[in-house]
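The sequence lines fix the lettering, A, B, ..., with proteins before strands; numbering per chain opens at 1.
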2 protein chains.
Amino acid sequence: MATSTVEDYLKQILLLSEDADELVSMGALATALEVVPGTATTMVKALAANGLVDHHLRHGVQLTAAGQRVALGVLRRHRLIETFLVDVLKMDWTEVHPEAERLEHAISDAVLDRLDALLGYPAADPHGDPIPTRQGKLDSQVYATLATCIVAKPLRIVRLTEQSGEFLQFAEQNGLRPDTRVRVTGRNLPAGLLTLKKSSGRALTLSLAAAGNILVAPAK
Amino acid sequence: MATSTVEDYLKQILLLSEDADELVSMGALATALEVVPGTATTMVKALAANGLVDHHLRHGVQLTAAGQRVALGVLRRHRLIETFLVDVLKMDWTEVHPEAERLEHAISDAVLDRLDALLGYPAADPHGDPIPTRQGKLDSQVYATLATCIVAKPLRIVRLTEQSGEFLQFAEQNGLRPDTRVRVTGRNLPAGLLTLKKSSGRALTLSLAAAGNILVAPAK
DNA sequence: GATTGTATTTTGAATAGTCAAATTGTTTTC
DNA sequence: GAAAACAATTTGACTATTCAAAATACAATC
């Protein structure tokens, strides 16, 4: 019943509602799914007719409990597949996202359970994104970003939001992977720049926009 | 360009043309794909328009070189995935076929190459079906079946054609897997029955119809 | 050679998903 | 509070795939 298009819409609504709390706008949804806005409206109405979302005309969409269940399932499949591709097949963590994007619609629960066991029931994927449990629980801990954290404190990168290949390759080239230790050395708001130092001693500069995609926690 | 429906049609035409040499009839194709005959006709015309098959009106279809290339790619993906599911994920070889049926359309060449390497470049899948090479070469060695082989000679099962769960579970329950050693002890053509003895000493009876799906070679 | 049976093809309609373009609502801004 | 700007919705059309049912071709039988 849930085609892969439907799964994509639901997953995307879930992801967008994480930051832009509550209602997701049609424009944002359409952009994320790379369709024209009218298409998103049409599809959202169909989803609403099937009880998967609540459509508040002209204000946005929201997942129903049923829709959320589906979306969390897709997200779990996506993130476990990414973990498999990196941990077992040794693929580059910067390029597994599009692969998982297609496989997530084709893998069955039976296969997924085996994969989960093989990987040792991981809590997060290679980007640090939390993996929903089989029961649909998703760790929603809130982290500071490099753009909002306290200067000078020793930090640990926990997660890179933003899955684009370019961004991830930039991160990889500068050694900004999950679990890397860093310290923000300064911010220049007017210039939109931020400087930081890695535990290796290496210093580097990045834009605040990019820094906002890097979640950090205090290095314990 | 090649949707998963197109891939399914091409793969099925390849499989059917292996036994029913040359032209594949619409009826056979429609049955294999579980669609009504009119649907197969319509689709085959579309494939012909794209240069993937030759349609000999009222006589049957045949793959073109381009169609064969696509079909062999699908078959390679299917069989490598089955091998992975059994060898790495330790799934039951009698139930991996439908899983592979869906994954074969979603896996990329990059992932497939890694899988191939991880599995040690296998030549056949868990059912003994030969895996096409990356270059599209498919081992087409002809084997006798249990229904046509010489009585009393020591044999080795090389392959089970027929992917249905019931048949495979029957085979598994009676220990008739690829590489099992057996000897045909007798045939009763009028009754359509065949008796054989396994290397373990166990004797068993099966229908000639079932026996025709079990390919064998002389046990060296 | 007319009749019957079977396989194939054609036709018309349905569904899922999409876009382009026109329309309608809702906010800003002056 | 009218005009401009922007976001959301509606409409009509298109593609891919399917089915049901009618039409056609071919082969087999009497």
Sub-3.5 Å donor-acceptor pair from the side chain of B/Ser207 to the main-chain atoms of B/Leu193, do we have one?
no

Check each of B/Glu172, B/Gln173, B/Arg177 against B/Thr94 using the side chain to side chain contact (heavy atoms under 4.5 Å, CB included) test, and report the only one that passes.
B/Glu172

Protein-nucleotides 10-14 of chain D N/O pairs closer than 3.5 Å?
unit_1 : atom_1 : unit_2  : atom_2 : d
D/dT10 : OP1    : A/Lys45 : NZ     : 3.3
D/dT10 : OP2    : A/Lys45 : NZ     : 2.3

Write out all pairs satisfying side-chain hydrogen bond (donor to acceptor under 3.5 Å, both in side chains) with one or both partners inside residues 157-168 of chain A, taking only residues at least two apart or from two chains.
A/His127-A/Gln163, A/Asp129-A/Arg159, A/Asp129-A/Gln163, A/Glu162-A/Ser164

Rounded to whole Å, how long is the line connecting atom NE2 of A/His105 with atom C1' of C/dA16?
15 Å

What is the separation between atom CG on B/Leu47 and atom C1' on D/dT18, rounded to the nearest whole Å?
14 Å

Taking CG from A/Leu33 and C1' from D/dA8, how many angstroms apart are they, rounded to a whole number?
16 Å

Under 4.0 Å from OP1 or OP2 of D/dA16: is there any side-chain N or O of B/Tyr9 that close?
no

Expressed in angstrom and rounded to an integer, what is the separation of B/Glu7 atom CD from D/dT17 atom P?
11 Å

Evaluate the side-chain proximity of B/Val216 to B/Val158: yes if any heavy-atom separation is below 4.5 Å, no if none is.
no

Could you check how far CG of A/Leu52 sits from C1' of C/dA16, rounded to whole Å?
15 Å

I need the single residue from B/Arg77, B/Arg79, B/Arg76 that forms a salt bridge (charged side-chain N to carboxylate O under 4.0 Å, His left out) with B/Asp116. Which is it?
B/Arg76

Donor-acceptor pair, distance only, cut-off 3.5 Å: does the side chain of B/Thr42 make one with the backbone of B/Gly38?
yes

Restricting to nitrogen or oxygen on both sides, can you table the protein-nucleotides 25-27 of chain C pairs closer than 3.5 Å?
none

Could you tell me how far apart B/Asp8 (CG) and D/dA16 (C1') are, to the nearest whole angstrom?
14 Å

Heavy-atom donor-acceptor pair, B/Thr195 side chain to B/Gly186 backbone, under 3.5 Å
yes

By the 4.0 Å heavy-atom rule, please label B/His56 as base, sugar-phosphate, or nothing.
nothing

pair B/Asp8-B/His105: side-chain heavy atoms closer than 4.5 Å
yes

Is any side-chain heavy atom of B/Val111 less than 4.5 Å from a side-chain heavy atom of A/Leu89?
yes

Is the distance from OP1 or OP2 of D/dA16 to the nearest side-chain N or O of B/Thr5 less than 4.0 Å?
no

Rounded to whole Å, the CE-C1' distance (B/Met43 to D/dA16) equals 8 Å

Spacing between A/His55 atom NE2 and D/dA8 atom C1', to the nearest angstrom:
8 Å

